Asks: 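Here you go, one structure.
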Amino acid sequence: GGVLMIGKDQDSTTFDPIKSAQNADFWVFANMYDVLVRVDPTGTKLEPGLAESWTVSPDGLVYTFKLREAKFSDGSPITAKDAAFSLLRIRDDKGSLWADSYKAVATAEAKDDHTLVVTLKTPSAPFLSLLAMPGVSILSEKAVTSEGDAYAEQPVSSGAFTLKQWARGDKVVLEKNPNFWQADRVKLDGVQWIIVADDNTRMLKVQAGELDAAIFVPFSRVAELKKDPNLVVHLDPSTREDHLLINHAHGLLGKKEVREALDYAIDKKAIIDTVIFGLGEAANSYIPKGALYYNADNPARPYDPEKAKALLATAGATNLTLTYLVNAGNEVDEQTAILLQQQLAKVGVTVTIQKVDPGQSWNMLVDGSYDISANYWTNDILDPDEKTTFVLGHDSNNNYMTHYTNLTVKALVEQARGEMDTTKRAALYKQIQETAKADVNWVDLYYSPYRNVSRKTIEHFDQNPLGRFSLEDTVKN
Amino acid sequence: MHRYRFLLFRPFQLLPVLLGISLVTFVLVRSIPGDPARLLLGPRTTPDALAKIRAQFGLDEPLWVQYFLFLKNLLQGQMGTSIVYRIDVLRVTANRIEPTLVLVLGSTLLALLIAVPLASLAARSRGRVLDHVIRVVSTAGLGFPPFWLGLMLIIGFSVKLGVLPVAGYGDSLADKLAHMVLPCLTIALALSAVLARSLRAAMIAQMGSNHAVAARARGLSEAAIFRRHVLPNSLVPTINLLAVNIGWLIGGTVVIESVFAIPGMGQLLVRSIFSRDYMVVQGVAMMFAVATVVVNILADVLTVAVDPRVSL
Amino acid sequence: MSAPALAAPRRLTGILPAAWRAHGGVGPLAIGAAILGVWLAVAALAPVLAPYDPIVQDAAARLQAPTLAHPLGTDNFGRDILSRIIFGARIDLEIAVLGVVFPFAIGTVVGTLAGYFGGLVDTLFMRLIDIVLAFPFLVLMLAILAILGPGLSSFFIAMALVGWVSYARLVRAQLLVLRHADFAVAARSLGYGHLRIMFHHLLPNALVGPCVFAMSDAVLVLLNGAAISYLGLGVQPPLAEWGVMVFEGQSFITTAWWITVFPGLAIVLLALGFSLFGDGLGEILGARE
Amino acid sequence: MTMGPHLLEVDDLTVHFPAPGGGPLGLRRRSVKALNGVSLVLEAGETLGIVGESGSGKSTLGRAILGLGPITSGHVAFAGEDITEGGRAARARLRRETAMVFQDPYNALNPRMTVGETLREVLHVHGHLPRGGEAEAVAALLRRVGLQPDLASRRPAALSGGQCQRVGIARALAVEPRLIVADECVAALDVSIQGQIINLFIEMKAQRDLALIFIAHDLSIVRRLCDRVAVMYLGRLVEEGPVERVFAAPRHPYTAALLRAVPQIDPDRRLPEDPVRGEPPSPIDLPPGCPFHPRCPSAQAQCAADPPPTLRREAGHAWACILDPQVSLVTAA
Amino acid sequence: MTAPVLSVRGLAIEGSGRRIVDGISFDLGEGEILGLVGESGSGKTMACRGLIRLLPAASLRIAAGEVLFQGRDLAALPEAEMRALRGRGIGMIFQDPASHLDPVMRIGEQIGEGLRLHDALSRREARTEAIELLRQVGIPDPTRRIDDYPHQFSGGMRQRAMIAVALACRPTVLIADEPTTALDVTVQAQVLRLLKDIRDRRGLSIILITHDLGVVAQTCDAIAVMYAGRICERGPARALLRRPLHPYTAGLLACQPAARGTGLLTTIPGQPPSLDALPPGCRFHPRCGHRIAGCETDEPAIRRFEDGRAAACHAPLLPLQACA
Ligand SMILES: Nc1ncnc2c1ncn2[C@@H]1O[C@H](COP(=O)(O)OP(=O)(O)OP(=O)(O)O)[C@@H](O)[C@H]1O
Ligand SMILES: Nc1ncnc2c1ncn2[C@@H]1O[C@H](COP(=O)(O)OP(=O)(O)OP(=O)(O)O)[C@@H](O)[C@H]1O
Ligand SMILES: [Mg+2]
Ligand SMILES: [Mg+2]
Ligand code: NI
């Protein structure tokens with residue numbers, strides 16, 4: 001029993017899953033809505049959700065899902081019609097932020113109450129992974145159509161918890177959904193997501209016992225909180241990967257030697273020690289460690305300032321001056337910048353830090369008005385295709401704002417997306433990772449875990465690598 | 001009654017100010033580089049999606065059209081739709097007004113409760129050790145940034161002593177009051193330093209004033225003179241100082257609300273600036289403006305009530 | 001028959017306080033000036049005084065509590081707090097001075113024009129002031145900083161755009177009175193031009209209030225810098241600035257108090273200097289009026 | 001009457017200041033009626049004293065004459081030029097040829113400028129500065145008002161009231177004016193110093209063709225210094241004429257009362273048992289009829305009913321009272 | 001002559017090394033109006049503030065002398081007892097009634113304040129008393145005006161209200177510091193009349209400070225003339241004005257522009273000395289037309305003459321007989 005109080009840093013913005021792209025919302029959706037296919041707690045494979053089982057046609061175009069017996073929180077049954085509606089809605093609704101990701105869906109039809117048939121336009125290996133995203137949570141067609149815009153505030157849930165109260169800017173109060181098909185599994189009476197923007201305050205609230213748990217423990221406080229006998233600090237593996245974006249379109253940065261030199265000149269260990277207090281590992285691939293198709297043996301460049309200097313010299317890039325775009329107000333970003341500035345200075349690269357407010361930095365990155373900038377990515381779906389496409393797929397966003405071009409990689413990415421054979425896919429991704437590394441599309445910096453804290457009295461407060469909290473298993477003593 | 005005549009005209013004077021504020025806010029928020037659609041969609045997006053969102057919120061209209069739409073909405077008592085929350089701005093702000101109001105009023109009250117005795121003590125022991133101590137202490141109150149002061153108070157009173165809640169905004173009245181003590185105190189410490197300074201100066205001036213001398217010549221004790229003559233006369237400039245500082249005070253709530261996790265207007269405004277939620281920024285700025293003007297009118301009413309000579 | 005001048009008995013205890021009082025108690029002005037002087041000297045001699053380079057990082061000496069080698073400890077980059085405070089004095093004095101000078105200049109000119117001409121000019125300026133005042137101060141600064149991009153010069157521009165109102169109000173109030181003073185009427189009767197009357201005769205007599213206010217304003221400007229950092233748009237790293245240092249040290253508030261407390265004390269000390277100096281200035285100039 | 005234009009001609013001058021509104025909600029417009037139809041003329045070299053109680057409009061009149069205050073209606077002509085309608089040129093001429101001396105000697109000087117700077121500035125602006133002879137010109141001015149030239153380096157705060165007033169007069173003289181308006185310029189000074197300043201004016205009058213409007217509430221000074229005197233009450237001239245005749249035989253009951261109320265240094269003269277009743281009414285709500293009637297010992301019914309009496313003239317002596325012949329109150333002298 | 005109500009002996013007031021009032025002595029008889037005249041800065045206000053120990057700055061203090069009142073020396077009284085005496089024993093009214101009345105307190109309240117605090121009258125009793133006082137000082141319609149604020153009164157009425165405030169606690173001595181200087185002549189006459197009437201009705205004694213010899217001439221029984229911190233001459237009004245002993249008094253009288261005649265006015269040459277640079281000997285000697293050899297070196301002590309007159313002059317203008 002009991003209500004779990006969790007502190008988070010940002011307010012929810014909506015409860016209509018197609019209308020948000022924020023992690024802050026996704027993590028709440030995950031416990032309010034069920035999806036056809038779930039990602040398991042280890043974050044490495046898919047498991048059945050509302051779909052008991054599914055079959056894929058040999059050409060990879062037709063998916064047939066068998067839905068289990070389940071109910072929405074309002075007591076009405078969850079049918080294949082609702083599932084079809086939800087899938088088409090995320091593709092077609094004008095308010096949907098995810099329409100593009102589901103373009104591959106040609107049709108979705110309910111054959112009967114428990115059978116859903118989805119046809120794709122082209123084969124897509126990541127499709128099942130996509131169905132695990134909170135954005136395509138199964139919604140009640142009746143509720144959505146009858147409530148219209150108001151649905152975003154009074155949702156009908158298909159997951160473990162339902163919305164009881166939403167005090168904007170203050171808290172989101174969820175209570176147990178008795179109609180959830182796994183209701184027996186849920187121990188908590190409810191969950192309160194409480195918004196505490198200030199990191200210090202959030203931690204102090206847990207320390208004082210006003211919160212049962214809090215997410216986003218600042219790196220700097222992990223060691224100290226670990227010492228607190230009343231608290232447990234959870235460092236759960238994540239899909240977060242930090243990297244240094246390089247704008248290949250800017251002069252000398254177009255030269256591979258120069259980018260290599262930057263990689264050699266950056267002491268990832270020092271960043272891990274100083275900025276994230278030793279709580280991470282140096283990254284050797286753009287795919288997060290432990291994630292699907294991660295190549296553990298991907299070659300990494302060691303810290304070697306001498307080699308960096310030599311490379312710069314051969315490339316004729318002595319006296320290189322770079323503008324380093326920093327997200328103002330982001331502590332990790334600012335500290336990384338301060339550190340990198342000093343490290344790069346050692347190899348003769350002058351770094352000018354340009355701090356801009358986060359609302360602006362996206363624009364500047366997209367417009368290409370930067371030389372280097374630290375950034376990170378966490379996966380939304382299990383499959384590496386999403387990230388790979390954005391980062392190396394040569395689509396409209398200039399390979400994630402880097403202007404990296406290598407047509408071989410482009411072809412490989414497309415090929416991997418359509419390849420349904422897992423071993424062949426693995427080989428393709430290994431090749432992609434190696435090429436990206438060789439080309440230095442960006443500089444991989446480090447992998448770091450999710451950092452959450454809970455009181456001793458809380459059990460099973462875990463987050464899977466995709467960010468989903470398994471609150472249906474959490475126990476408050 | 002005619003001393004309060006200004007109440008009839010003030011609302012009309014308000015109009016040009018509000019119009020000016022609407023224009024300034026509009027120009028200001030639109031000049032901040034950055035694109036709300038892009039922020040909403042996050043990094044993993046396509047130009048199509050961007051265009052769709054822009055169209056949905058009318059961001060693709062020419063600026064002046066957007067401004068007139070904003071004004072037109074305003075005249076109809078609407079403030080537009082929040083880009084982030086996708087609902088009416090009025091609804092976004094609805095439950096946030098109270099905490100900020102309580103914070104501002106509470107800290108003003110607390111600041112007065114601190115400043116008046118401190119200033120009285122300092123004024124009455126002018127030039128002596130106590131006076132200097134008060135001066136140094138109040139400067140220190142002003143010298144530490146509020147976010148630091150707030151954290152210190154939390155650590156002291158809530159984590160170590162456990163007598164007050166750490167942060168947040170409670171549900172019941174008593175709960176809310178308990179939650180507001182520390183944030184109000186944080187603002188009040190800085191505000192009272194400002195107030196005490198001016199109050200002390202006013203009191204010293206009043207203590208040396210002719211009418212205080214006359215009261216002394218009537219054989220009144222210093223305490224009676226202070227209570228009956230000096231204090232009331234010192235309040236007028238302080239009221240006005242408070243009114244002038246209202247913008248500063250509301251600005252201060254922005255930080256305090258964040259430190260103390262108070263779901264108020266200040267946090268909303270800052271977040272909306274960063275997420276380029278134009279409509280919310282405009283709406284909240286207008287509300288703050290109205291509040292400021294109302295406070296100033298209140299200050300005028302108070303001044304008129306306290307000082308019979310004034311008629312505005 | 002004049003009475004003999006009896007020397008009243010003086011108790012020894014009465015003499016010291018009397019002497020103290022006669023000298024205005026060593027005067028807040030003097031103490032304030034001394035404090036400011038010390039800071040000025042610190043800023044000027046920073047390279048000589050500071051034991052370390054304020055921005056060079058030393059991974060081996062991270063987060064050290066005050067020791068002999070690092071009297072005020074180090075931060076998480078291993079930078080020496082003392083050296084950072086000493087070098088920070090340069091930036092903070094610059095912030096305090098420039099953050100006040102521009103608003104002061106704009107405010108006094110606007111206030112003079114509004115107060116002297118009255119009427120429509122005054123109404124227009126007053127409405128403008130109302131508009132600026134109706135914005136929460138910090139938020140307005142934040143918006144301007146967001147437009148201009150964070151950084152010191154943007155900060156000064158933002159301060160100037162926002163801060164002038166207080167000065168304008170003060171000066172205007174003074175001028176509304178002064179322009180009816182006999183010497184102003186005299187100046188008009190002598191056929192002096194408006195500019196001469198405004199800036200040569202009236203303004204110098206209206207500056208005491210603004211000057212005193214400027215001293216306390218300097219403190220607020222420093223704190224605004226810190227608050228802006230808190231809200232995320234502070235000065236550029238890796239500059240050592242006290243407000244930013246307090247903000248940065250915040251995450252170590254329970255583990256490494258020295259990172260925040262010492263820069264905080266530096267702000268308080270500078271604030272004390274300014275406010276004492278301002279008080280003294282007010283007393284002396286006010287008395288002379 | 002002279003032939004050419006008068007040096008100064010004030011015609012039916014009215015000055016109203018806006019006042020806080022009246023009525024229960026304060027919505028009714030009201031005004032302070034500081035001057036209500038004042039007419040007078042002044043010839044070159046003539047000295048006119050203006051007396052009256054506080055608030056009777058003396059200063060307002062003085063300032064209006066010099067174009068320093070607002071004018072609601074009426075005309076002021078200086079040396080034949082109408083300055084109320086005239087443009088810049090008329091104003092500029094007025095500024096060149098007139099000057100003012102103020103009541104409070106300290107406030108009339110810019111506290112932040114030395115005496116020398118103050119005087120130099122006037123000379124400079126008016127172009128009366130002989131090349132190279134700055135210091136000499138300032139010293140000459142100071143000497144003319146009986147001050148040591150070494151005072152030039154001092155600021156007003158370091159001067160006595162009498163010295164300040166002399167500097168004020170020196171500043172007025174620096175303009176080389178044809179008309180000086182002195183507004184209660186000795187009221188703030190001690191008797192012994194007062195005498196010195198009055199003597200300075202008497203000497204100046206004798207030396208040059210200087211017209212003087214001398215505003216005062218001390219009747220005895222006016223009697224000593226002026227050729228003519230004008231008595232004001234609530235924004236109107238109630239009596240005007242040659243000093244000797246007005247003082248010897250006032251025709252208006254107010255003038256008589258005023259004269260009677262002046263304390264005399266004569267231990268044998270007792271305090272008047274029954275001084276004029278009450279105080280002047282508010283200039284916002286002027287009483288109907290003769291403005292003095294509520295306080296007038298000899299007021300009659302028609303004083304309240306009829307419109308305010310106009311000036312009646314008799315051989316250069318004018319008074320605004322319907323009563324006749326002269327009031328039976330004569331000063332002790 | 002009856003025993004004086006108030007007797008000042010050698011009162012001296014010092015501040016920052018200067019003697020602002022230097023050993024003044026005078027007696028105030030019962031029911032007497034004593035005029036204290038002198039030029040600005042001569043120390044009139046200081047002397048009277050000294051009597052009730054309300055010196056305007058902390059740096060000022062009584063350096064010598066005694067003030068005998070009701071058998072006690074006020075200069076040596078403990079502050080608490082002194083406070084009890086202020087208002088009740090000795091009342092004071094000031095030159096500028098506008099600033100000496102609390103602008104934010106109703107007139108009636110201010111009048112009743114002393115009564116309520118000293119005599120512990122109830123609010124209602126104090127109010128009745130205040131109305132009566134306002135009536136006595138000649139304010140028309142006192143029941144209505146009692147709830148007015150000072151700014152709603154005219155100058156003359158404010159001065160009357162001040163007098164009412166001072167009279168509230170029934171003082172035996174009233175100090176009036178230039179009570180009419182700010183008023184018009186017509187109103188001045190009314191106020192002086194009022195003071196005289198009150199004296200006649202209540203039999204209190206008044207010290208009237210002024211620099212207008214005309215005012216003292218018409219109101220006072222005795223006069224003391226001050227110059228640069230000292231009393232240079234005192235005596236019965238009529239005698240002093242008719243036949244002054246001290247050249248300064250004579251000079252003052254001659255200065256009055258009221259004196260008939262044309263041409264230049266008589267003046268006293270020079271200016272009063274600054275307290276920082278007092279001339280040696282007689283303080284008046286640099287401006288004196290009658291000075292003799294000793295004037296420049298010896299400070300003249302005040303000497304008593306017949307008819308209750310006294311003067312501090314080496315060469316008095318009249319050959320009067322000095323008494324012991
Ligand atoms: N600027 C102004 N605004 C409003 N009312 C004014 C102004 N100047 C003068 N008055 C009013 O006009 C009337 C006449 O004032 P004025 O100063 O001319 O009188 P005065 O005769 O010079 O008095 P005093 O002897 O006190 O100098 C007074 O009631 C005064 O309050
Ligand atoms: N607070 C003070 N501290 C020191 N000296 C003072 C103070 N106030 C006044 N004085 C000096 O004391 C002297 C006497 O002043 P006082 O006010 O008694 O003169 P007064 O005769 O009342 O003059 P007035 O006619 O102007 O009122 C003056 O020289 C003055 O400069
Ligand atoms: Mg006047
Ligand atoms: Mg005096
Ligand atoms: Ni003619």
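This structure is a prediction, so every number in the text was calculated from the model and none was measured. Protein chains get the first letters and strands the later ones, always in sequence-line order, with residue 1 at the start of each.
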Asks: Go through the atoms of A/E153 and report whether side chain, backbone, both or neither lie under 4.5 Å from a heavy atom of chain B.
Replies: side chain
Asks: On a heavy-atom basis, which atom in B/A261 and which in A/I195 lie closest, and how many Å separate them?
Replies: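 Heavy atoms only, the tightest pair is CB-O, 3.7 Å.
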Asks: For A/N363 and B/G34, work out which heavy atoms get closest and say how close.
Replies: ND2-CA, 3.2 Å
Asks: Can you pull out the residues in residues 163-170 of chain A with any heavy atom less than 4.5 Å from chain B?
Replies: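 Interface residues of residues 163-170 of chain A: A/W166, A/A167, A/R168, A/G169, A/D170.
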Asks: For A/V356, is it the side chain, the backbone, both or neither that has a heavy atom under 4.5 Å from a heavy atom of chain B?
Replies: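 Looking at A/V356, nothing touches chain B.
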Asks: Closest heavy-atom contact between B/I154 and A/T201?
Replies: CD1-CG2, 4.1 Å
Asks: Which heavy atom of B/L164 sits nearest a heavy atom of A/E210, and at what distance?
Replies: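 In this case the closest contact between B/L164 and A/E210 is O-OE2, 4.4 Å.
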Asks: Measure distances from B/I87 to the heavy atoms of chain A and classify the residue's part below 4.5 Å as side chain, backbone, both or neither.
Replies: side chain
Asks: Go through the atoms of A/S101 and report whether side chain, backbone, both or neither lie under 4.5 Å from a heavy atom of chain B.
Replies: neither
Asks: Is A/T14 close to chain B through its backbone or its side chain, or both, or neither, when contacts mean heavy atoms under 4.5 Å?
Replies: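 When you check distances to chain B, no heavy atom of A/T14 falls under 4.5 Å.
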Asks: Are the side chains of A/T13 and B/L40 in touch, meaning some heavy atoms are under 4.5 Å apart?
Replies: no
Asks: Under 4.5 Å, heavy atom to heavy atom, which residues of residues 52-69 of chain B contact chain A?
Replies: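 Residues in range: B/K52, B/I53, B/Q56.
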Asks: Under the side chain to side chain contact (heavy atoms under 4.5 Å, CB included) rule, what do A/M203 and B/V159 come out as? Steps first, then yes or no, please.
Replies: CA-CA 11 Å; A/M203 296 308 120; B/V159 180; over 6 Å; no
Asks: So what's closer than 4.5 Å to chain A heavy atoms on B/P36: side chain, backbone, both or neither?
Replies: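 No part of it gets close to chain A.
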Asks: Ion pair present between A/D149 and B/R91, side-chain N to carboxylate O less than 4.0 angstrom?
Replies: no
Asks: Can you confirm whether A/Q207 sits close enough to B/I155 that some side-chain heavy atom of one is under 4.5 Å from a side-chain heavy atom of the other?
Replies: no
Asks: With a 4.5 angstrom heavy-atom cut-off, is it the side chain or the backbone of A/S12 that approaches chain B, or both, or neither?
Replies: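 The answer is the backbone of A/S12.
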Asks: Less than 4.5 Å to any heavy atom of chain B: does that hold for the side chain of A/D199, its backbone, both, or neither?
Replies: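 Contact with chain B is absent: no heavy atom of A/D199 under 4.5 Å.
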Asks: Within this structure, what is the CG-CD1 distance for the pair A/D357 and B/I32, rounded to the nearest 0.5 Å?
Replies: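 Answer for the CG-CD1 pair, A/D357 versus B/I32, is 7.0 Å.
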Asks: Please report the interatomic distance NZ(A/K205) to CZ(B/F260), rounded to the nearest 0.5 Å.
Replies: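 Those atoms lie 11.0 Å apart.
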Asks: For A/Q22 versus B/L39, what's the shortest heavy-atom pair and its separation?
Replies: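 Heavy-atom minimum between the residues: NE2-O, 4.0 Å.
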Asks: To the nearest 0.5 angstrom, please state how far the CZ atom of B/F147 sits from the CG atom of A/N200.
Replies: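 Between B/F147 CZ and A/N200 CG, I get 10.5 Å after rounding to 0.5 Å.
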Asks: Shorter than 4.5 Å, heavy atoms on both sides: which option in A/D11, A/V196, A/I194, A/D395 has the most such pairs with chain B?
Replies: A/D11
Asks: Please flag which part of B/D277 lies under 4.5 Å from any non-hydrogen atom of chain A: side chain, backbone, both or neither.
Replies: neither
Asks: For A/K19, is it the side chain, the backbone, both or neither that has a heavy atom under 4.5 Å from a heavy atom of chain B?
Replies: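 When you check distances to chain B, atoms from both the backbone and side chain of A/K19 fall under 4.5 Å.
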Asks: Non-hydrogen atoms of chain A under 4.5 Å away: do they reach the side chain of B/N95, the backbone, both or neither?
Replies: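 When you check distances to chain A, only side chain atoms of B/N95 fall under 4.5 Å.
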